[in-house]
Amino acid sequence: MDGHIGWTQDQWQAFKDLPRDTPLNMLNLVRVRDWAAYDDDRRVTGLDAYKTYGRDSQAAFAKVGGHVLWRGAFEIGLIAPPDERWDFCFIAYYPNAAAFIAMQFDPDYQAAVKHRQAAVFDSRLIRLGVMDLGDNFAS
């Protein structure tokens, strides 16, 4: 069974209901399929399809002021389900939520996202507000 690939209407509405004028970071955890699931049955690995998505969406991402803030290689889930793993782990910065929303409607991004949909087996996209660094984990 496939995991979480896209958002529901309720999730999208809840995202849009949050403030749109403050900077945000989007935590992306992505697990790709062994073989991409394109409608035309082309034979491409999930990894290659996701790399195509990354390349083809870059201009739209940059146009709204986005950039990758952090990228890391998944090693082990110390506190996680034992079979959980991620192929891509990164934090994407957006100057504000309006920029993220605008990217969703960019024609170049819409053309690229079909590769993400074909590539992804499971994912998490978590909106994180920007906070000041504190002295410890809780403040």
Side-chain angles (χ1 to χ4, degrees):
M1 182 175 101
D2 290 352
H4 300 87
I5 297 171
W7 50 69
T8 66
Q9 284 300 112
D10 288 343
Q11 289 168 321
W12 180 241
Q13 188 59 53
F15 176 89
K16 293 189 309 181
D17 288 344
L18 292 172
R20 294 191 187 188
D21 58 351
T22 58
L24 66 112
N25 298 312
M26 297 293 276
L27 172 62
N28 289 256
L29 302 174
V30 180
R31 182 174 178 182
V32 297
R33 304 169 191 269
D34 292 333
W35 294 100
Y38 284 103
D39 291 338
D40 61 7
D41 295 325
R42 70 183 93 168
R43 191 82 166 142
V44 177
T45 68
L47 179 62
D48 285 339
Y50 197 80
K51 285 181 177 181
T52 299
Y53 162 68
R55 182 193 67 231
D56 291 359
S57 65
Q58 179 56 36
F61 180 47
K63 188 186 330 180
V64 300
H67 64 271
V68 174
L69 189 63
W70 173 88
R71 182 179 15 249
F74 178 83
E75 294 178 346
I76 187 171
L78 189 57
I79 300 175
D83 61 342
E84 184 174 83
R85 70 171 176 80
W86 304 105
D87 298 307
F88 295 92
C89 305
F90 61 95
I91 297 174
Y93 167 85
Y94 296 87
N96 52 52
F100 179 83
I101 293 167
M103 185 180 73
Q104 304 308 306
F105 293 98
D106 183 287
D108 292 331
Y109 184 80
Q110 289 178 342
V113 81
K114 70 177 179 250
H115 302 293
R116 183 191 188 285
Q117 298 301 98
V120 173
F121 175 77
D122 195 8
S123 65
R124 303 292 182 270
L125 182 59
I126 301 168
R127 177 180 167 158
L128 303 168
V130 177
M131 296 176 67
D132 291 331
L133 294 177
D135 296 329
N136 59 54
F137 296 135
S139 65

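Hydrophobic clustering of Ile, Leu, Val, Met, Phe, Trp and Tyr side chains at less than 4.5 Å, counting indirect connections, unites Val113 with Val68. The hydrophobic clustering, which links ILVMFWY residues whose side-chain heavy atoms are closer than 4.5 Å, places Leu128 and Val30 apart. The hydrophobic cluster containing Phe105 also contains Phe15, counting ILVMFWY residues as joined when their side-chain heavy atoms lie under 4.5 angstrom apart, directly or transitively. Linking Ile, Leu, Val, Met, Phe, Trp and Tyr residues whenever their side-chain heavy atoms come within less than 4.5 Å leaves Met131 and Leu18 in two separate clusters. Under the 4.5 Å side-chain heavy-atom criterion for ILVMFWY residues, a single connected hydrophobic cluster contains both Phe74 and Trp70.
At least one side-chain heavy atom of Val130 sits less than 4.5 Å from a side-chain heavy atom of Asn25. Under the 4.5 Å side-chain criterion, counting only non-hydrogen atoms from C-beta, Thr45 is in contact with Trp35.
How far CD1 of Ile101 is from CD of Gln104: 8.5 Å, rounded to the nearest 0.5 Å. The structure places CG of Leu29 at 9.0 Å from CZ of Phe90, a figure rounded to the nearest 0.5 Å. Here the CZ atom belonging to Arg85 is positioned 14.5 Å from the CD atom belonging to Glu75, to the nearest 0.5 angstrom. Rounding to the nearest 0.5 Å places CG of Leu47 at 5.0 Å from CZ of Phe88. The structure places CD1 of Ile91 at 11.5 Å from CG of Leu24, a figure rounded to the nearest 0.5 Å. In this structure, the separation between CZ on Arg33 and CG on Asp122 is 10.0 Å, given to the nearest 0.5 Å.
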Could you give me the CA-CA distance, side-chain angles and deciding distance for His115 and Tyr38, then say whether side chain to side chain contact (heavy atoms under 4.5 Å, CB included) is met?
CA-CA 8 Å; His115 302 293; Tyr38 284 103; 2.6 Å; yes
Just do the side chain to side chain contact (heavy atoms under 4.5 Å, CB included) check on Phe61 and Phe100 with the steps written out, would you?
CA-CA 8 Å; Phe61 180 47; Phe100 179 83; over 6 Å; no
Can you check side chain to side chain contact (heavy atoms under 4.5 Å, CB included) on Val32 and Phe121, steps first, answer last?
CA-CA 5 Å; Val32 297; Phe121 175 77; 5.9 Å; no
Criterion side chain to side chain contact (heavy atoms under 4.5 Å, CB included) on Val64 and Tyr94, from CA distance to verdict
CA-CA 8 Å; Val64 300; Tyr94 296 87; 4.3 Å; yes
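Surrounding CG of Asp17 are more than 12 heavy atoms belonging to other residues, nucleotides or ligands, all under 6.0 Å away. For Asn136, the CG atom counts as densely surrounded, since its 6.0 Å shell holds more than 12 non-hydrogen atoms of other residues, nucleotides or ligands. More than 12 heavy atoms of other residues, nucleotides or ligands shown are found within 6.0 angstrom of CZ on Arg124. Atom CG of Asp132 is surrounded by 12 or fewer heavy atoms from other residues, nucleotides or ligands within 6.0 Å.
Across all their heavy atoms, Gly46 and Ala119 have their closest contact at O-CB, 3.3 Å. The heavy-atom pair separating Pro19 from Ala97 by the smallest distance is O-CB, 3.8 Å. Nearest heavy atoms, Met26 versus Leu125: CE-CG, 3.5 Å.
With sequence neighbours excluded, the residues satisfying salt bridge (Lys or Arg N to Asp or Glu O under 4.0 Å) with Arg42 are Asp40.
Ring geometry, Tyr50 versus Tyr53: the interplanar angle falls from 30° to 60°, so the pair is classed tilted.
Side-chain contact of Ser123 with Arg116: a donor-acceptor pair under 3.5 Å is present, judged by distance alone.
No donor-acceptor pair under 3.5 Å is formed between the side chain of Glu84 and the backbone N or O of Pro81.
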